[in-house]
Amino acid sequence: MAYEPIDNAKAPLSALLQSCASRLAALYAESGAAKWQVSQEQFEEALERSARKRFASSALSAELLEEYLATLYAEDLGLACGCMNGCEAAWECFVREYRGYLRAATAAMTKGGRGGIQAEELADSLFADLYGLSEAKRGQGSLLRYFHGRSSLKTWLRAILAQRHVDKIRELKRWESLDGANGDGDGAAKLPAEKIVSPQLDP
């Protein structure tokens, strides 16, 4: 997997995780990661990175770690790990489950928008970033490395789409401002205030 290196300065977390061995085994079984060719060791590495991210500046005990692990979306994390490993079956599942969702979510955000913001285009550009840049390096540059299972994949994906939608609107407004200032356009065509749809958090 293309993950950032583990910070050895926080090695005590590894020991705490070992004390939660039964919870780790249960999460691995619950995740279904094995069908995506993800070993238990690989899945536990993903859990460790998730915990390191969550408790980067917090005191941690075995009890808190157990509680945190119990809140994770294990099945979604297992699928993300499979995609990061380049498992074809995992990617096929991801495409089947989320490509249509990404397009529908983006269409809802860009409804009534102007300036060439196309729902399908925005959704597919995100999908390409999730998938990776090439067949040879599939997953190595994937945004999925930032998914730690703390929310569902749907919630996480929608939040990214919302941010990209906002960024796109800002970019278009900057270009319109430059166009008017340089005298290359009439300066009158301004984007209306866009209604930004906040990510709908799953229950």
Side-chain angles (χ1 to χ4, degrees), residues 1-98 101-102 105 126 129-132 137-164 198-203:
M1 293 185 197
Y3 288 114
E4 68 278 8
I6 290 175
D7 181 2
N8 290 327
K10 297 177 181 177
L13 175 57
S14 298
L16 287 176
L17 282 166
Q18 291 306 311
S19 72
C20 302
S22 60
R23 169 66 69 180
L24 298 180
L27 282 173
Y28 179 66
E30 177 187 338
S31 72
K35 66 183 175 183
W36 310 131
Q37 301 172 12
V38 177
S39 69
Q40 183 167 338
E41 181 181 2
Q42 289 174 321
F43 187 70
E44 288 181 5
E45 287 174 0
L47 293 175
E48 181 172 352
R49 295 176 196 283
S50 178
R52 287 203 190 286
K53 179 71 174 178
R54 168 63 181 82
F55 298 103
S57 58
S58 305
L60 184 60
S61 66
E63 291 75 15
L64 282 175
L65 182 57
E66 281 265 9
E67 290 176 5
Y68 174 70
L69 293 174
T71 68
L72 295 180
Y73 288 77
E75 190 171 352
D76 286 356
L77 185 58
L79 176 60
C81 287
C83 291
M84 289 291 292
N85 272 355
C87 174
E88 291 292 340
W91 277 114
E92 288 171 5
C93 178
F94 188 87
V95 170
R96 185 170 60 251
E97 296 294 325
Y98 295 103
Y101 171 77
L102 287 174
L126 172 56
D129 288 341
L130 292 164
Y131 191 76
K137 296 184 177 180
R138 183 177 303 170
Q140 292 186 20
S142 173
L143 286 178
L144 287 169
R145 68 188 182 277
Y146 297 113
F147 178 71
H148 297 296
R150 295 170 61 182
S151 63
S152 70
L153 264 173
K154 282 189 174 182
T155 297
W156 184 76
L157 290 168
R158 191 176 179 93
I160 294 175
L161 281 173
Q163 184 57 59
R164 289 196 172 194
S198 300
Q200 298 297 309
L201 300 181
D202 291 350

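Atoms considered below: every heavy atom in the structure, side chains included; atoms not considered: hydrogens, waters and symmetry mates. Since this is a predicted model, take the numbers as computed values, not measurements.
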Can you tell me how far [atom2] of [Y] sits from [atom1] of [X], rounded to the nearest 0.5 angstrom?
X	Y	atom1	atom2	answer
Leu161	Leu126	CG	CG	5.0 Å
Leu79	Tyr98	CG	OH	6.0 Å
Asp129	Leu144	CG	CG	10.5 Å
Leu72	Ser151	CG	OG	10.0 Å
Glu88	Cys83	CD	SG	10.0 Å
Arg158	Leu153	CZ	CG	14.5 Å

Asn85 side-chain N/O to Val38 backbone N/O, donor-acceptor pair under 3.5 Å |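 Side chain of Asn85 to backbone of Val38: no pair is present.
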With the threshold set at 4.0 Å, does a side-chain nitrogen-carboxylate oxygen contact exist between Arg52 and Glu48?
->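 Salt bridge: yes.
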Sequence neighbours left out, what pairs pass salt bridge (Lys or Arg N to Asp or Glu O under 4.0 Å) with at least one residue falling in residues 12-30?
->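 Listed once each, the pairs are Arg23-Glu66.
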Looking only at heavy atoms, which two atoms of [X] and [Y] are closest? And how far apart?
X	Y	value
Phe147	Ala80	CD2-CB, 3.8 Å
Cys93	Trp36	CB-CH2, 3.7 Å
Gly78	Ala33	CA-CB, 4.0 Å
Leu24	Leu17	CD1-O, 3.3 Å
Asp76	Ser152	OD2-CA, 3.4 Å
Ala62	Ser19	CB-OG, 4.0 Å

If the condition is side-chain hydrogen bond (donor to acceptor under 3.5 Å, both in side chains), which residues does [X] pass it with, not counting sequence neighbours?
X	result
Ser50	Tyr68
Gln40	Glu44
Glu63	Ser61
Arg54	none

Test Phe43 against Leu77 for side chain to side chain contact (heavy atoms under 4.5 Å, CB included), laying out the working first.
-> CA-CA 8 Å; Phe43 187 70; Leu77 185 58; 4.0 Å; yes
Please work out which of the three classes, parallel, tilted or perpendicular, describes the rings of Phe94 and Trp91, given edges at 30° and 60°.
->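 Ring orientation, 0 to 90° scale: perpendicular.
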Report yes if some heavy atom in the side chain of Tyr28 is under 4.5 Å from a heavy atom in the side chain of Leu47; otherwise report no.
->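 Result no, sub-4.5 Å side-chain heavy-atom pair not found.
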Taking only residues two or more places apart in sequence or in another chain, which ones pass side chain to side chain contact (heavy atoms under 4.5 Å, CB included) with Lys53?
->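 Side chain to side chain contact (heavy atoms under 4.5 Å, CB included) list for Lys53, sorted by chain: His148, Arg150.
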